[in-house]
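What follows is one structure encoded as structure tokens, with my remarks underneath.
Below, chains carry the letters A, B, ... as their sequence lines are ordered, and counting in each starts from 1.
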Amino acid sequence: MDVSHLLDALNPAQREAVSAPAGHLLVLAGAGSGKTRVLTHRIAWLIEVERVPPWAILAVTFTNKAAGEMRGRLDALLAGRTQGLSVGTFHGIAHRLLRRHWQEARLPQMFQILDADDQQRLVKRVISGLGLDEARHPPRQATWQINAWKDEGRRPDMLEDRGHPQTRAQIDIYRAYEEACRRAGLVDFAELLLRAHELMLEQPALLAHYRERWRQLLIDEFQDTNTLQYAWIRVLAGNTGQVFAVGDDDQAIYGWRGARVENVQHFLRDFPGARTLRLEQNYRSTATILKAANALIAHNGSRLGKQLWTAGADGARIALYAAYNELDEARHVVQRIAEHLDGGGRADDCAILYRSNAQSRVFEEQLMQQRIGYRVYGGLRFFERAEIRDALAYLRLAANPNDDAAFERAVNTPPRGLGERTLDTLRTHARAARVAMWQAASLLLADKSALSARAGNALRGFMELIQRIAASAPDASGGLTLAEHVAQMLALSELRAFYEKDSRGNAESRVENLDELISVAARFEPGPEDVEAGLGVLASFLGHAALEAGEAQGEAGQDCVQLMTLHAAKGLEFSIVFLVGLEEGLFPSQKSLDEDGRLEEERRLAYVGLTRARQRLLLSYAESRRLHGTEMLARPSRFLAELPAALIDEVRPRVQVSRPLYAPARAHAVEEETDLPALRLGQRVRHAQFGEGVVTAAEGGGAHTRVQINFAQAGSKWLVLAYARLEAC
DNA sequence: TTCAAGAGAGTTTTT
DNA sequence: CTCTCTTGAA
């Protein structure tokens, strides 16, 4: 058989991975080493050469984008011979399993998915329902804890408080939250995975069926798996399934949300006979960029070890710009982009990468001023917009009246006279009777004296409205299409009218979005897997809305400068990368510096940033930066010192200002020049935000004077004297 | 019930 | 500084 079309375009390491004999394989795929190509060619190899039927293959990714990309490449490679092949995200696959086996999973047939936002609202209501103080038990933190426990596979009964009242309360919240979800037929993201895992463990026949079916498991971005996802793969593989895991421990940047890089090491221990292959040849960046990246990541201990190399040229040296402040940094970056454009370059060659979203603003302002088009990644996506979520709440409630999260959202949007007072009565009754809000509402309406006539009428009107919407559902006997159903809902609920006369500026775009929702519904077609799982068009659509939030901003195809966080940049590449804000406390972030063991992940993030660049890499930092309203002084990031100096061109030698300030004589000079209070080392001062502290150092002079103050609460900080508005005390 | 002013918090994000 | 959410008054 001729297999050359599958192997010809590959390098020896890639070829070895694609054509590997039976057995588990761990592919350590460095940045830009052709990871997706190896994955897709491996699948093609299995089907064409090993004669594995497509339905016996399960390929798992983390994002819908990656799944879509893989499916597209497979279609091109296999020309349609992909019937029955399962490609999806962990959550997507778990969702389908649960839809298909809802009875075995003890879920209502019309269960709905609770997204992160809804989840937090629900947790919040649970906390106040338990009579707990929100200040002592922040909903944010409680939600985080619940998700962390679920990601570890732990149910409330498996947890112990060990005498800690705080832990006790969190377990109580967790238990009450689970109960609320059960009553409302809601499943959050972590629950999708946990339920699917439990389903397999509790139903041996089902497990046997899926082990028999999926003999080949391929996992993308393996370093991002959490405990539960790893356990799920182990269960599914059993003793018969073969696992092909692709990942890069040096690009593990999601530890903070439960991903366990250790799984890469555990894989070799837990999957007998597993072999390791390394893809180290890079097809993306210049040798200079790779040398820098290799040098940086070498500062991390506990690596599996990898050294990227390229057959290509050295390329230009890396530029480093020491900006005076964030505005100077932005001006410089935008000027370089303008030069690139003047030279005939494309805007979308350029990406500005930063550690935190707040940094994008200055760059946006400068780009706008220079009339250079740009696109900021991240932010609200289509299905996350308030008006769309409102609309979806009506659809969900009509599909499943027990969906309390949807009830709470829809009930008074638009306002219909059902305020906090009435809702509180409803919540209390629902909790006492252990039923959903909808049922509690029915009960209260039956009891003539329970509600005021006005509230009762409003509530009755709302419930009749939901029933009228439900009657127009595609699955109901009325027989409307999905798009007609959505249009009907928008009209009946008066949502569209409400947003039309919305006074808060952006009414137009909100109405446009609502209209767009009708078009989205009209275009929507359930995927083959949804059909296979027996989903109706409405359930399929609602699942799609919850699991695939859609594009952040339209016009992705336009030629414009790309702005995004380093996290968002993972997996992408650009000819010219500006990695900005390389300052201690910003990148690496202060929060990571404060906690043990978080620095290596920051370094991996920097590694991800460096390896995004194909041709040119430009680094920058600001000596002074305005953050949260206060001017802060920062030192260059330690990561800069970890790059070989020979690879770097300092665009402007940075001003050396570290003369110690000999107080009080020098402080007196400062006072004369700038009209600032005289300061001396050791003096106690007060800052509006950080409280009291002691001056421990100072440098620079005149308007540039910066002082280091050790605050009692906020710790040690460098501040620009001119902005800090310190009071002596 | 609704609106407006004040308080408080502000890494990173997908599903 | 800027956004979100809570709180208090009309």
**Item:** Contacts of type ring pair (Phe, Tyr, Trp, His ring centres under 6.0 Å), residue A:Y177, not counting sequence neighbours
**Value:** none

**Item:** Partner set under ring pair (Phe, Tyr, Trp, His ring centres under 6.0 Å) for A:H137, not counting sequence neighbours
**Value:** none

**Request:** With a 4.0 Å heavy-atom cut-off, tell me which residues in residues 405-420 of chain A come close to DNA chain B, sorted by residue number.
**Result:** A:N412, A:P415, A:G417, A:L418, A:G419, A:E420

**Item:** Contacts of type salt bridge (Lys or Arg N to Asp or Glu O under 4.0 Å), residue A:E221, not counting sequence neighbours
**Value:** A:K35, A:K570

**Request:** Sort and list the pairs that fulfil ring-ring contact (aromatic ring centres under 6.0 Å, His included) and have at least one residue in residues 579-601 of chain A, not counting sequence neighbours.
**Result:** A:F587-A:F639

**Residue list, salt bridge (Lys or Arg N to Asp or Glu O under 4.0 Å) with A:E573, at least two apart or on another chain** = A:R284, A:R614

**Request:** Go through the structure and list residues passing salt bridge (Lys or Arg N to Asp or Glu O under 4.0 Å) with A:E69, not counting sequence neighbours.
**Result:** none

**For DNA chain B, the residues among residues 217-229 of chain A that have a non-hydrogen atom under 4.0 Å from it** = none

**Item:** Non-neighbouring partners of A:F574 that pass ring pair (Phe, Tyr, Trp, His ring centres under 6.0 Å), sequence neighbours left out
**Value:** none

**Complete:** salt bridge (Lys or Arg N to Asp or Glu O under 4.0 Å) filter on A:D118, not counting sequence neighbours, yields A:R389, A:R396

**Request:** Quick one, give me the B/S/- string for nucleotides 8-15 of chain B, reading 5' to 3', where B means a protein heavy atom under 4.0 Å from the base and S means that only happens at the primed atoms, P, OP1 or OP2.
**Result:** --BBBBBB

**Message:** Suppose we screen for ring pair (Phe, Tyr, Trp, His ring centres under 6.0 Å). Which residues come up paired with A:Y354, at least two apart in sequence or across chains?
**Reply:** none

**Message:** Does a side-chain N or O of A:R361 approach OP1 or OP2 of C:dC3 to a distance below 4.0 Å, or not?
**Reply:** yes

